[in-house]
Structure formats: structure tokens, C-alpha cells
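Structure record follows, encoded as C-alpha cells.
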Amino acid sequence: MPFNKKIRTLRAFLFEQGVEGTLRGLICEIAEASKYVDYAIKMTELGFAGTTNVFGEKQLALDVLSDELISSRLGNCGLVVNMASEEQQNIFSSFLNEPGEYSVCFDPLDGSSLVDVNLAVGTIVSIYPGEDLVRPGREQVAALFVLYGPRTTMVVGIQNGVHEFTLNPLGSYTLSRENIRMEESGKIYSPGGDSRKYSPGHAALIESLKNGGHKLRYSGGMVPDINHVLMKRGGLFTYPALEGSPRGKLRLMFEANPMAFILEKAGGAASEGTMRILDVEPESIQDRCPVYLGSKKEVALAEKMLKKSASEKKAE
Ligand code: AHG
Ligand code: MN
Ligand code: MN
């Protein structure tokens with residue numbers, strides 16, 4: 001790693017981009033916590049914790065440990081008011097008497113079922129001003145994900161754009177991609193869920209992408225799969241509504257909203273099939289949400305095909 005090259009660290013870059021001090025500190029705090037999660041993924045014995053989360057999903061020891069690593073760090077940093085974790089039942093407050101200025105929703109370990117097959121997993125974080133957390137995603141001030149892959153990278157969406165930082169061997173996140181921008185359309189698609197349960201409109205969309213030459217790129221992990229669409233500057237990631245799960249599988253507050261914020265800030269689009277994800281008014285912190293995330297052209301095609309299929313069904 002050449003020291004003569006201008007190394008732009010996370011904190012310095014955020015300052016350069018005009019991110020205000022407390023938010024800058026919070027993003028850096030999350031970056032610090034991610035180093036412990038990165039280490040835990042590589043060193044912790046795999047296996048189940050013997051507990052289930054509020055979504056009825058069996059928790060891995062790593063899910064619980066990642067959750068503890070992040071919530072204890074954020075709960076004691078003095079920058080946060082309230083927190084919500086995909087792995088915990090309720091919203092909880094900072095452990096200090098002096099609350100901070102921001103509240104966060106986080107998925108401490110996304111794709112945890114992939115750890116035992118050594119595939120990439122991630123952490124997803126959504127940041128709101130003040131203390132409320134059950135609110136539309138358009139009110140986020142920042143969102144980020146950490147991708148624990150061959151390299152550990154952190155993709156940060158702030159008001160002025162989306163930027164990638166890579167964790168170097170000295171434990172420092174340095175800028176690796178500045179101002180990531182999505183093109184109008186792309187060449188890959190990532191089609192989540194059980195295809196036997198697709199709606200006719202969604203099935204038609206997947207066929208249309210395939211016949212149009214889009215290549216299948218799917219690992220089963222939302223963070224690496226969305227990172228793939230983002231870094232190839234185009235395409236579509238989707239996890240749709242399914243027969244029996246009309247709001248799909250992914251969680252609005254912990255997965256859909258932060259990823260939607262990032263995709264829109266990168267010039268892409270993010271829909272739940274009929275409307276912008278960031279405009280969805282949540283009823284609870286545990287709401288689920290179908291997702292179509294990627295280039296504007298593919299997301300518009302998805303909405304058009306779903307709408308056409310719904311009106312044909314009505315006409316029957
Ligand atoms: P989590 O591990 O936080 O529960 O999330 C996993 C999600 C997401 O990463 C991925 O897109 C989706 O689950 C895959 O779901 P299926 O296993 O139903 O395909
Ligand atoms: Mn998840
Ligand atoms: Mn998770």
C-alpha cells in the first residue's frame with residue numbers, strides 16, 4: 001500500500017463532503033463496530049444460538065454476537081437516541097443518560113445463513129435525525145452497508161452521493177470509489193424468492209429480463225447482490241411479493257429503506273412494485289416490503305408489468 005498516494009480516510013472524506021460532526025462521528029462509530037463483526041465472522045464457531053428473532057427466524061450465534069457488538073457500541077457512543085435491530089423485539093434507547101442526536105435501524109448480519117458456506121454477508125444501517133424510528137425512509141439522512149467479502153468494504157449513502165471505502169490491513173477504511181452512479185439500465189438481474197410463488201406479473205418481468213439478455217447474478221445475500229448491481233452500475237435486484245407472503249420477505253426498516261436510500265442517491269430507483277419504497281408509511285418497525293432496486297429503466301419495467309398484470313387480473 002503506497003504511502004505516497006493521497007489516502008482519503010472515511011472521517012476526512014465525510015468532513016470534506018460537508019457531513020456534520022455528530023453524523024460523521026456516528027458513521028465512523030459504525031465503521032469501528034464493523035471491524036469487530038468482520039473479525040467475529042472469521043473467528044466465531046458457527047452454529048445456532050438456540051433462539052429465534054421476532055420474525056420467527058432461528059438466530060445464529062453470529063447473528064446474536066453481531067447484534068451485541070453493534071448495539072453495545074452505538075448504545076454507548078453518546079451519538080444515538082434510539083435503536084432498532086432486526087434481531088431484537090423492541091426499539092431500545094441509548095444506554096447513556098445523555099442521548100445523542102440520531103436514531104438508527106440496523107440489520108447486524110444480513111445473509112447470516114450464508115456464513116457456513118463461506119459466502120459474503122453484510123451489515124445494513126439506516127440513520128434518522130432525532131428519536132423517531134417508525135417513519136418513511138425518505139426521512140433518512142444517511143444509510144450504509146458493510147460487505148464482508150474477500151475485501152471488507154463499506155458503501156455509504158449521504159446527501160450528496162454514494163461512496164465506497166475499503167478496510168485496509170491497518171484497520172483503516174479508505175476511499176476506494178467516489179460518487180458511484182447508476183446508468184439508466186444494466187445487464188444483470190438478481191431474482192430472489194421461490195419462483196413457484198411468483199405473481200404472474202413478476203414471473204413475466206423475470207422472463208422479459210432473461211429474454212432481453214440480462215444475466216443472472218444471485219448469491220442469496222441481499223448485501224453482496226445489491227453491491228453487485230451498484231458496482232456494475234446497473235441492473236435489478238428484486239425480492240418480490242410471493243403467494244402467501246403479499247409483502248415479501250425483506251424488512252422495510254432494516255433492509256429495504258437503507259438500500260433504497262443508497263440506490264436513489266446513486267441515481268437509481270427503488271420501488272415496492274407500485275410506489276417508491278422511501279414513501280412507504282410504516283405501521284410497525286417490523287413491516288416487510290417487496291423490493292425492486294436498481295437502474296431506473298428496470299425498475300420502471302417492473303412497475304409497468306406488475307400494473308398490467310394486476311389490471312388483467314381485475315378484468316377477468
Ligand atoms: P437475513 O439473513 O438478515 O435474515 O436476510 C437474508 C435475506 C437477504 O439477504 C436475501 O436477499 C434473502 O434473505 C434471501 O431469502 P431466501 O432465503 O428466501 O431466498
Ligand atoms: Mn437481513
Ligand atoms: Mn439479519
Side-chain angles (χ1 to χ4, degrees), residues 30 33-34 37 40-41 44 46-49 51-71 83-89 104-126 137 143-149 155 188-198 202 206 216-230 235-260 262-263 270 272 277 285-294:
I30 295 164
S34 75
V37 175
I41 289 166
T44 306
L46 301 176
F48 286 102
T51 49
T52 54
N53 65 17
V54 66
F55 298 99
E57 296 159 338
K58 272 194 198 162
Q59 290 174 310
L60 290 177
L62 211 43
D63 279 321
V64 175
L65 175 56
S66 305
D67 180 54
E68 280 164 6
L69 287 168
I70 295 172
S71 40
M83 288 166 274
S85 164
E86 186 190 278
E87 299 304 334
Q88 296 195 41
Q89 171 91 19
V104 299
C105 291
F106 60 92
D107 178 354
L109 196 64
D110 179 82
S112 45
S113 61
L114 299 172
V115 173
D116 66 345
V117 294
N118 198 23
L119 280 179
V121 291
T123 293
I124 311 171
V125 184
S126 191
L144 64 89
F145 64 78
V146 181
L147 174 55
Y148 308 101
V155 172
I188 59 175
Y189 73 105
S190 207
D194 180 342
S195 56
R196 296 169 302 175
K197 298 181 179 168
Y198 283 174
H202 184 80
I206 299 300
L216 171 63
R217 292 291 181 267
Y218 189 70
S219 75
M222 178 182 200
V223 174
D225 290 341
I226 287 179
N227 187 68
H228 201 151
V229 170
L230 202 54
L236 183 72
F237 171 88
T238 172
Y239 198 109
L242 297 170
E243 192 190 304
S245 324
R247 296 302 289 164
K249 168 183 182 181
L250 299 178
R251 280 61 50 147
L252 173 63
M253 302 310 290
F254 301 114
E255 294 160 323
N257 269 334
M259 289 304 196
I262 291 169
L263 261 297
E272 49 83 89
I277 287 175
I285 200 80
Q286 283 137 18
D287 282 9
R288 294 181 193 264
C289 179
V291 301
Y292 294 86
L293 296 157

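Read the numbers this way: they start at 1 and go in the same order the structure lists the ligands and their atoms. Just so you know, residue 1 is the first one in the sequence shown, and it goes up from there. Keep in mind that the numbers below use all heavy atoms, side chains included, and drop hydrogens, waters and symmetry copies.
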request  = Spell out the protein N/O/S atoms under 2.8 Å from the Mn ion (ligand 3) as residue plus atom name.
outcome  = Glu86 OE2, Asp107 OD1, Leu109 O
task = Please identify which atoms of ligand 1 are closer than 4.0 Å to at least one heavy atom of Ser112.
result = 2 (O)
query = Looking at side-chain heavy atoms only, is the closest gap between Phe145 and Asp110 below 4.5 Å?
reply = no
ask   = Nearest protein heavy atom to atom 2 (O) of ligand 1, by residue and atom, and its distance?
value = Gly111 N, 2.7 Å
query = Could an N or O of ligand 1 be found under 3.5 Å from any N or O of Leu250, whether backbone or side chain?
reply = no
task = Output the distance between atom CG (Leu62) and atom OG1 (Thr44), rounded to the nearest 0.5 Å.
result = 5.0 Å
ask   = Hey, what do you get for CZ (Phe237) to CG (Leu263), rounding to the nearest 0.5 Å?
value = 10.0 Å
request  = Would you kindly specify which portion of Tyr239 sits under 4.0 Å from ligand 1, judged on non-hydrogen atoms: side chain, backbone, both or neither?
outcome  = side chain
query = Would one find an N or O of Met222, backbone or side chain, under 3.5 Å from an N or O of ligand 1?
reply = yes
message = Test of understanding: with ring-ring contact (aromatic ring centres under 6.0 Å, His included), list the residues that count as partners of Tyr292, not counting sequence neighbours.
response = His202
ask   = Does some side-chain heavy atom of Met83 sit less than 4.5 Å from a side-chain heavy atom of Phe106?
value = yes
query = Nearest 0.5 Å, what's the CD1-CG distance between Ile70 and Leu65?
reply = 9.5 Å
ask   = So do the side chains of Val223 and Val121 get within less than 4.5 Å of each other, counting heavy atoms only?
value = no
note = Residue, atom and distance of the protein heavy atom nearest atom 5 (O) of ligand 1 read Asp110 OD1, 3.0 Å
Atom 19 (O) of ligand 1 - nearest protein heavy atom and its distance = Tyr218 OH, 3.5 Å
message = I'd like to check which ligand 1 atoms, numbered from 1 as shown, lie under 4.0 Å from a non-hydrogen atom of Glu255.
response = 3 (O), 5 (O)
query = Between CZ of Phe55 and CD of Glu87, what distance do you get to the nearest 0.5 Å?
reply = 8.5 Å
ask   = Among Arg251, Lys249, Glu87, whose heavy atom sits nearest atom 12 (C) of ligand 1?
value = Lys249
remark   = re atom 10 (C) of ligand 1, the protein heavy-atom contact at minimum distance is Gly220 O, 3.3 Å
query = In terms of atom number and element, which parts of ligand 1 are under 4.0 angstrom from non-hydrogen atoms of Gly221?
reply = 9 (O)
ask   = Can you list every pair that meets side chain to side chain donor-acceptor pair (under 3.5 Å) and has a residue in residues 238-250, with sequence neighbours left out?
value = Arg247-Glu272
request  = Would you check whether Asp194 reaches within less than 4.0 Å of ligand 1, judged by its heavy atoms?
outcome  = no
remark   = The atoms of ligand 1 lying under 4.0 Å from a heavy atom of Asp107, numbered in the order shown, are 3 (O)
message = Nearest N/O/S atom of Glu255 with respect to the Mn ion (ligand 2), by atom name, please.
response = OE2
inquiry  = Consider side-chain contact (heavy atoms from CB on, under 4.5 Å). Of Ile262, Ile124, Ile277, which one does Asn257 pass it with?
reply    = Ile277
Residue pairs, two or more places apart or on separate chains, that pass salt bridge (charged side-chain N to carboxylate O under 4.0 Å, His left out) and touch residues 54-67 = Glu57-Arg251
message = Which of the numbered atoms in ligand 1 are under 4.0 angstrom from any heavy atom belonging to Glu86?
response = 1 (P), 3 (O), 4 (O)
message = Quick check on Gly192 - does any of its heavy atoms sit under 4.0 Å from an atom of ligand 1?
response = no
request  = Output the distance between atom CG (Asp107) and atom OG (Ser85), rounded to the nearest 0.5 Å.
outcome  = 7.5 Å
Approximate separation, where rounding is to 0.5 Å, of Arg217 CZ and Ser190 OG = 10.0 Å
ask   = Can you tell if the side chain of Tyr198 reaches within under 4.5 Å of the side chain of Ile206, non-hydrogen atoms only?
value = yes
